[in-house]
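Below, each value reflects all heavy atoms present in this structure, side chains not excepted, and no hydrogens, waters or symmetry copies.
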Amino acid sequence: MLLHKGEVLFRQGETGPLFRLESGLLKIVRVHEDGAQFVVNLIVPGETVPHHSLISPNPYFGTAVALTTCKIATLPAEQWYRELERCPELYRDVALLLQDRLRTMQRRIDHLTEVTPAEKLRKLQSWFQAYISTDSLTEVLTQDEIGQLLGLRRETINRLLRAERKI
């Protein structure tokens, strides 16, 4: 399946299949009761989502939105779980996948605990370039979204990006 920038793969609270991102970049947003959205995760090629449903089904935790054109493989839930039951050795693959995701989240926590906002932004930009080298961070994410990922206000991100351009 091909998903274009801005298109929704799945919505928070719905249930359905799992997906493997073959190429592109997705963001996962939590939508609050007042309609406000908060970016909680970025999904990169090679990941199967939703992570919390790899072993047992659950409603989607957030809404997945394409940040770039994405190529996505659909993994029907019934087939996925049946295959896990049929081949218990696949649980090791799931455990390794979750371990890798946990390590990625630990690196994100490290980024959030950096002392300076400029260093937080620099690390996110470096991580981003490793996955999406053809676009700059600000071509794919808004300043608000960057701020949400880093725990910083949009105004701080704006100031940091302006200072960066002057260098």
Side-chain angles (χ1 to χ4, degrees), residues 1-84 93-94 96-98 100-105 107-109 111-112 120-121 123-158 160-161:
M1 153 188 354
L2 201 59
L3 204 64
H4 297 286
K5 182 176 181 171
E7 292 183 330
V8 173
L9 178 61
F10 56 78
R11 296 189 186 283
Q12 178 177 319
E14 295 177 347
T15 58
L18 288 89
F19 303 95
R20 180 172 173 80
L21 182 60
E22 302 294 333
S23 65
L25 186 68
L26 294 169
K27 68 179 175 181
I28 305 296
V29 296
R30 288 283 292 164
V31 181
H32 299 283
E33 288 181 20
D34 65 0
Q37 296 185 9
F38 193 87
V39 177
V40 294
N41 205 354
L42 297 177
I43 306 301
V44 298
E47 287 192 66
T48 300
V49 291
H51 300 113
H52 70 278
S53 294
L54 289 172
I55 295 175
S56 62
N58 260 316
Y60 299 132
F61 174 75
T63 298
V65 181
L67 287 170
T68 63
T69 299
C70 298
K71 183 178 177 188
I72 299 167
T74 301
L75 308 169
E78 288 180 22
Q79 179 183 338
W80 173 266
Y81 299 120
R82 190 173 41 250
E83 191 66 17
L84 279 177
D93 295 338
V94 170
L96 291 172
L97 187 141
L98 291 172
D100 182 59
R101 193 63 197 147
L102 180 59
R103 288 178 178 161
T104 298
M105 296 307 289
R107 283 191 295 276
R108 280 219 24 232
I109 290 168
H111 294 175
L112 291 172
K120 289 179 184 183
L121 180 59
K123 285 192 171 190
L124 179 62
Q125 288 169 321
S126 175
W127 175 88
F128 187 81
Q129 284 302 308
Y131 290 99
I132 308 293
S133 59
T134 59
D135 292 320
S136 74
L137 181 63
T138 54
E139 289 175 26
V140 177
L141 295 172
T142 67
Q143 290 181 6
D144 277 330
E145 291 170 333
I146 295 168
Q148 291 169 3
L149 287 169
L150 296 177
L152 299 171
R153 294 179 29 208
R154 186 203 57 79
E155 293 81 6
T156 302
I157 298 300
N158 184 286
L160 292 170
L161 291 170

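Partners of P17 under the side-chain contact (heavy atoms from CB on, under 4.5 Å) rule, at least two apart in sequence or in another chain, are F19, Y60, T74. With sequence neighbours excluded, no residue forms a salt bridge (charged side-chain N to carboxylate O under 4.0 Å, His left out) with E78. Applying the side-chain contact (heavy atoms from CB on, under 4.5 Å) rule to D93 yields the partners L90; only residues at least two apart in sequence or on another chain are considered. Annotation: side-chain contact (heavy atoms from CB on, under 4.5 Å) contacts of L96 (sequence neighbours excluded): R92, Q99.
Proximity of L161 to Q125: side-chain heavy atoms (C-beta onward) are separated by under 4.5 Å at one or more points.
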Taking only distance into account, with no hydrogens and no angle test, what donor-acceptor pairs under 3.5 Å do side-chain atoms of residues 44-56 form with protein atoms, sequence neighbours excluded?
unit_1 : atom_1 : unit_2 : atom_2 : d
E47    : OE1    : H51    : NE2    : 2.6
E47    : OE1    : R101   : NE     : 3.3
E47    : OE2    : V44    : N      : 3.0
E47    : OE2    : R101   : NH1    : 3.4
H52    : NE2    : P59    : O      : 2.8
S53    : OG     : N58    : N      : 3.3
S53    : OG     : N58    : O      : 3.4

Ignoring hydrogens and angles, write down the donor-acceptor pairs under 3.5 Å from the side chains of residues 21-35, residues two or more places apart or on other chains.
unit_1 : atom_1 : unit_2 : atom_2 : d
K27    : NZ     : E145   : OE2    : 2.2
R30    : NH1    : F61    : O      : 2.4
D34    : OD1    : A36    : N      : 2.8

Start with the C-alpha distance between T156 and L150, add both sets of side-chain angles, then the distance that settles side-chain contact (heavy atoms from CB on, under 4.5 Å), and finish with yes or no.
CA-CA 11 Å; T156 302; L150 296 177; over 6 Å; no
Give the C-alpha distance, both sets of side-chain angles, the deciding distance and a yes or no for side-chain contact (heavy atoms from CB on, under 4.5 Å) between F10 and L18.
CA-CA 10 Å; F10 56 78; L18 288 89; over 6 Å; no
Take L141 and L149, measure what side-chain contact (heavy atoms from CB on, under 4.5 Å) needs, and give me the verdict at the end.
CA-CA 10 Å; L141 295 172; L149 287 169; 3.8 Å; yes
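For the atom pair SG of C70 and NZ of K5, the computed distance is 11.0 Å after rounding to the nearest 0.5 Å. Between K123 atom NZ and R107 atom CZ the span is 11.0 Å, to the nearest 0.5 Å. For the atom pair CD1 (I146) and CG (L124), the distance works out to 7.0 Å, reported to the nearest 0.5 Å. In this structure, OG1 in T68 is found 11.5 Å from CD in E139, a value given to the nearest 0.5 Å. Here the CD-CG distance, from Q143 to L137, works out to 10.0 Å after rounding to the nearest 0.5 Å. For the atom pair CD (E155) and CG (L160), the distance works out to 11.5 Å, reported to the nearest 0.5 Å.
Taking each heavy atom of R11 and T63 in turn, the nearest pair found is CA-OG1, 3.6 Å.
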